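Structure, as structure tokens:
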Amino acid sequence: VPHPPLRWSDEGDRGPAVVLLDQTRLPTAEVELVCRDPAELIAAIQRLAVRGAPLLGIAGGYGVALAAARGLDIHAAARELAQARPTAVNLATGVARVLAASERQEPAGEEPKRPTSGDPVAALAAARALEAEEAVASAAMAEYGLTLVPDGARILTHCNTGALAVGGTGSAFAVVLAAHRAGRLRQLWVDETRPLLQGARLTAWEAAAHGVPYSVLPDCAAAALMAAGQVDLVLVGADRIAADGSVANKIGTYGLAVSAAHHGVPFVVVAPRTTLDPATPDGAAIVIEQRAATEVTTLAGRPIAPEGCTAFNPAFDVTPPQLITALVTDVGVLQSPGRDGLAGLLGR
Ligand code: MRU
């Protein structure tokens with residue numbers, strides 16, 4: 001990926017900023033979006049200029065650093081940033097981690113008060129550390145995931161899980177890249193990922209940039225492709241993994257898992273430990289973001305349904321653990337991930 005999806009900037013006289021590669025403009029334009037305060041970053045998160053679970057955590061962390069650098073109320077900023085989107089657990093945990101690092105310590109013996117301004121140096125260091133750790137996690141997931149990829153693999157993926165979604169080369173996409181580099185990838189099948197087309201716009205763009213052999217398909221063609229024996233492995237990412245092993249990921253993931261089970265195709269989820277959420281007991285407890293009907297009833301800004309048409313537009317769905325062949329994390333592979341397996345993983 002030519003531009004970093006996110007960078008911290010403190011140049012010029014306009015002060016600190018979080019600079020995003022505006023993902024809503026890809027693949028036709030590579031345009032930077034400068035966020036100078038948490039409110040601008042929250043707006044960017046909500047319209048998906050920056051997205052993908054681990055990258056949302058990093059963005060939220062830098063958002064707290066931005067609030068600290070601007071002398072704003074870090075607690076208020078953290079609360080609003082954490083609530084910008086509900087499903088990816090990384091957003092809330094990334095924000096909480098940087099908030100904790102930026103809270104000023106009271107000098108010994110002084111009345112405890114709740115200072116609203118944070119320590120900008122500590123905040124930025126914490127955001128940078130989170131970003132660096134996610135990059136290390138990407139590399140580890142690539143290595144562990146590669147052990148599950150057969151020679152000459154035809155891999156199907158959904159949404160975007162590459163450098164545009166994490167702080168490194170990716171989750172599921174990092175495994176795809178590792179397979180390509182190892183000479184094991186015959187074909188990458190890219191679900192277009194309705195309605196916002198993260199597959200067609202973003203994954204295809206990343207695959208092209210890396211010389212990965214790929215083809216885009218409508219989401220509704222995936223089952224037919226499996227029936228035709230053209231898919232050896234499904235690799236997807238995750239936005240939140242509940243304690244029972246249920247996986248929330250981009251809408252359409254559950255349907256893919258059902259199809260994969262029916263056709264005997266391994267269905268593998270790739271996610272860093274930062275996406276595991278032991279505080280959410282099961283899939284039913286995961287909050288699913290509902291988005292505007294217009295994302296479904298318009299295409300490239302033009303109406304494709306009658307005026308006033310309503311729509312069911314959840315951004316994510318939940319795949320139960322029984323449909324998941326394996327979970328690849330940054331500390332290893334868990335076969336048939338369920339409650340016990342996840343508890344063991346978190347203990348590591
Ligand atoms: O709505 P998005 O684009 O933020 O959804 C992203 C996904 O569903 C990804 O598959 C998930 O975050 C995993 S990315 C490593």
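These values consider heavy atoms only, across backbone and side chains, with no hydrogens, waters or symmetry-generated copies. When a residue number appears, it is its place in the shown sequence, counting from 1. Model, not experiment: these values are computed from the prediction. Atoms within each ligand, like the ligands themselves, are counted from 1 in listed order.
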Identify, by atom number and element, the atoms of ligand 1 in contact range of [X], meaning under 4.0 Å from any of its heavy atoms.
| X | result |
| --- | --- |
| Asn160 | 9 (C), 14 (S) |
| Pro54 | 15 (C) |
| Gln198 | 1 (O), 2 (P), 3 (O) |
| Gly52 | 4 (O), 12 (O) |
| Val166 | 15 (C) |
| Cys159 | 5 (O), 6 (C), 7 (C), 8 (O), 9 (C), 10 (O) |

Non-hydrogen atom of [X] closer than 4.0 Å to ligand 1:
| X | answer |
| --- | --- |
| Thr275 | no |
| Phe316 | yes |
| Ala315 | no |

Give the residue, atom name and distance (to 0.1 Å) of the protein heavy atom nearest [atom].
| atom | value |
| --- | --- |
| atom 15 (C) of ligand 1 | Ser171 OG, 2.9 Å |
| atom 10 (O) of ligand 1 | Asn249 OD1, 2.7 Å |
| atom 3 (O) of ligand 1 | Arg51 NE, 2.5 Å |
| atom 4 (O) of ligand 1 | Arg85 NH1, 2.9 Å |

For [Y], is there any backbone N or O sitting under 3.5 Å from a side-chain donor or acceptor partner on [X]?
| X | Y | value |
| --- | --- | --- |
| Arg184 | Leu146 | yes |
| Trp189 | Leu225 | no |
| Thr24 | Asp22 | no |
| Asp317 | Tyr254 | yes |
| Arg97 | Gly57 | no |
| Glu134 | Ile58 | no |

Would you call Arg194 and Asp219 a salt bridge, using N to O less than 4.0 angstrom? no
Relative to ligand 1, is [X] under 4.0 angstrom through side chain, backbone, both or neither, heavy atoms considered?
| X | answer |
| --- | --- |
| Lys250 | both |
| Ala53 | both |
| Ala238 | backbone |
| Leu196 | neither |

Please compare Gly237, Ala165, Gly162 and report which has the shortest non-hydrogen distance to atom 14 (S) of ligand 1.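 Closest candidate by heavy-atom distance is Ala165.
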Does the side chain of Arg85 come within less than 4.5 Å of Arg51's, by heavy atoms? yes
Below 3.5 Å, N or O to N or O, backbone or side chain included: is there any such pair between Leu48 and ligand 1?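 No; the residue has no nitrogen or oxygen that sits under 3.5 Å from a nitrogen or oxygen of the ligand.
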TODO: Ignoring angles and geometry beyond distance, decide whether Asp239 reaches within less than 3.5 Å of ligand 1 through its nitrogen or oxygen atoms.
DONE: yes
| field | Single-linkage hydrophobic cluster, 4.5 Å side-chain cutoff, Val175 and Leu148 together | value |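 Yes, Val175 and Leu148 fall within the same hydrophobic cluster.
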Between Asp239 and Thr275, do the side chains contain an N or O donor and an N or O acceptor separated by less than 3.5 Å?
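The answer is no; no qualifying pair exists.
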### Atom CD of Glu40: over 12 foreign heavy atoms under 6.0 Å
yes
Can you name the nearest heavy-atom pair linking Val296 to Ala311, along with the distance?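 Distance-wise, the nearest heavy atoms are CB-CB, 4.0 Å.
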